[in-house]
Amino acid sequence: QVQLVESGGGLVQAGGSLRLSCAASGRTFSSYHMGWFRQARGKEREAVATITRSGGSTYYADSVRGRFTISRDNAENTMYLQMNSLKPEDTAVYYCAASRLTAAAGMGRYADYWGQGTQVTVSS
């Protein structure tokens, strides 16, 4: 069993930055590919960024590439999402997820665990 807890969300002005964290319980964090997803009100959940077990490979949605950076620290059982140049359209609840199977953009369908989410609101 793995528990995921997100933190770092909040209210920020457009152009600002936030850093999200996803802390995982247990000793098997490095066994999981990890990802950040978001769901805006009235919209479907979408993959934002994913990272492989070792951190050697990453995926970014086109809408965030160049602005967001995903990383992980397996020694600290924590994953991060550095979000820069935030836009109002980035407003959503952000979730972290863990999957043994894949780090592809579609990993949401194969996620073994999800966090409870953290709200990010970007004002214009």
| said: Given 3.5 Å as the limit, does a donor-acceptor pair link the side chain of Arg53 with the main chain of Ser31, or not? | reply: yes
| request: State, to 0.1 Å, how close Ala97 and Met107 come at their nearest heavy-atom pair, and which atoms those are. | output: O-CE, 4.0 Å
| message | Are Gln82 and Ser71 packed together at the side-chain level, in the sense that at least one heavy-atom pair is separated by less than 4.5 angstrom? | response | no
| task | Compute the centroid of each ring, for Trp114 and then for Phe37, and state whether the two points are separated by less than 6.0 Å. | result | yes
| Any side-chain heavy-atom pair from Arg67 and Tyr60 closer than 4.5 angstrom? | no
| field | Contact summary for Ala40 and Thr91, nearest pair of heavy atoms | value | CB-O, 3.6 Å
| said: Between Phe68 and Leu86, is there a side-chain heavy-atom distance shorter than 4.5 Å? | reply: yes
| request: Give a yes or no on whether Tyr59 and Val64 share a hydrophobic cluster (residues Ile, Leu, Val, Met, Phe, Trp, Tyr; joining criterion: side-chain heavy atoms under 4.5 Å apart). | output: no
| remark: Here the gap from Trp36 atom CH2 to Glu46 atom CD, rounded to the nearest 0.5 Å, amounts to 14.5 Å
| query | Transitively linked via ILVMFWY side-chain contacts under 4.5 Å: Val93 with Ile70? | reply | no
| query | Between the main-chain N or O of Gln116 and the side-chain N or O of Glu6, is there a donor-acceptor pair closer than 3.5 Å? | reply | yes
| query | Rounded to the nearest 0.5 Å, how far does CE of Met79 lie from CG of Asn74? | reply | 11.0 Å
| task | Salt-bridge test for Asp90 and Lys87: reply yes if a basic N is under 4.0 Å from a carboxylate O, no otherwise. | result | no
| message | I need the full list of side-chain hydrogen bond (donor to acceptor under 3.5 Å, both in side chains) pairs touching residues 94-104, with sequence neighbours left out, sorted by first then second residue. | response | Tyr32-Arg100, Arg38-Tyr94
| Just wondering, do Ser123 and Gln13 contact through their side chains at under 4.5 Å, heavy atoms? | yes
| query | Is a donor on one side and an acceptor on the other found under 3.5 Å between the side chain of Thr52 and the backbone of His33? | reply | no
| Hey, are the side chains of Asp112 and Val2 touching, using non-hydrogen atoms and a 4.5 Å cut-off? | no
| Between the main-chain N or O of Glu76 and the side-chain N or O of Thr78, is there a donor-acceptor pair closer than 3.5 Å? | yes
| remark: To the nearest 0.5 Å, atom OG1 of Thr118 lies from atom CG of Leu81 at 11.0 Å
| Axial cation check for Phe29 ring with Arg72, 6.0 Å and 45° limits | yes
| Audit row: Met34, Leu4, side-chain contact (heavy atoms from CB on, under 4.5 Å) steps and yes/no | CA-CA 11 Å; Met34 299 294 296; Leu4 304 175; 4.1 Å; yes
| said: Is it the case that the side chains of Ser17 and Asn84 hold a donor-acceptor pair, with the cut-off being a distance below 3.5 Å and no angle test? | reply: yes
Quick one: side chains of residues 19-26, donor-acceptor pairs under 3.5 Å with protein atoms, not counting sequence neighbours, listed by atom name and distance.
from  : atom 1 : to   : atom 2 : distance (Å)
Ser25 : OG     : Gln3 : N      : 2.8

| query | If we only count heavy atoms from C-beta on, is the Leu18 to Val120 side-chain gap below 4.5 Å? | reply | yes
| What pair of heavy atoms forms the shortest contact from Ala14 to Ser124, and how long is it? | CB-CA, 4.4 Å
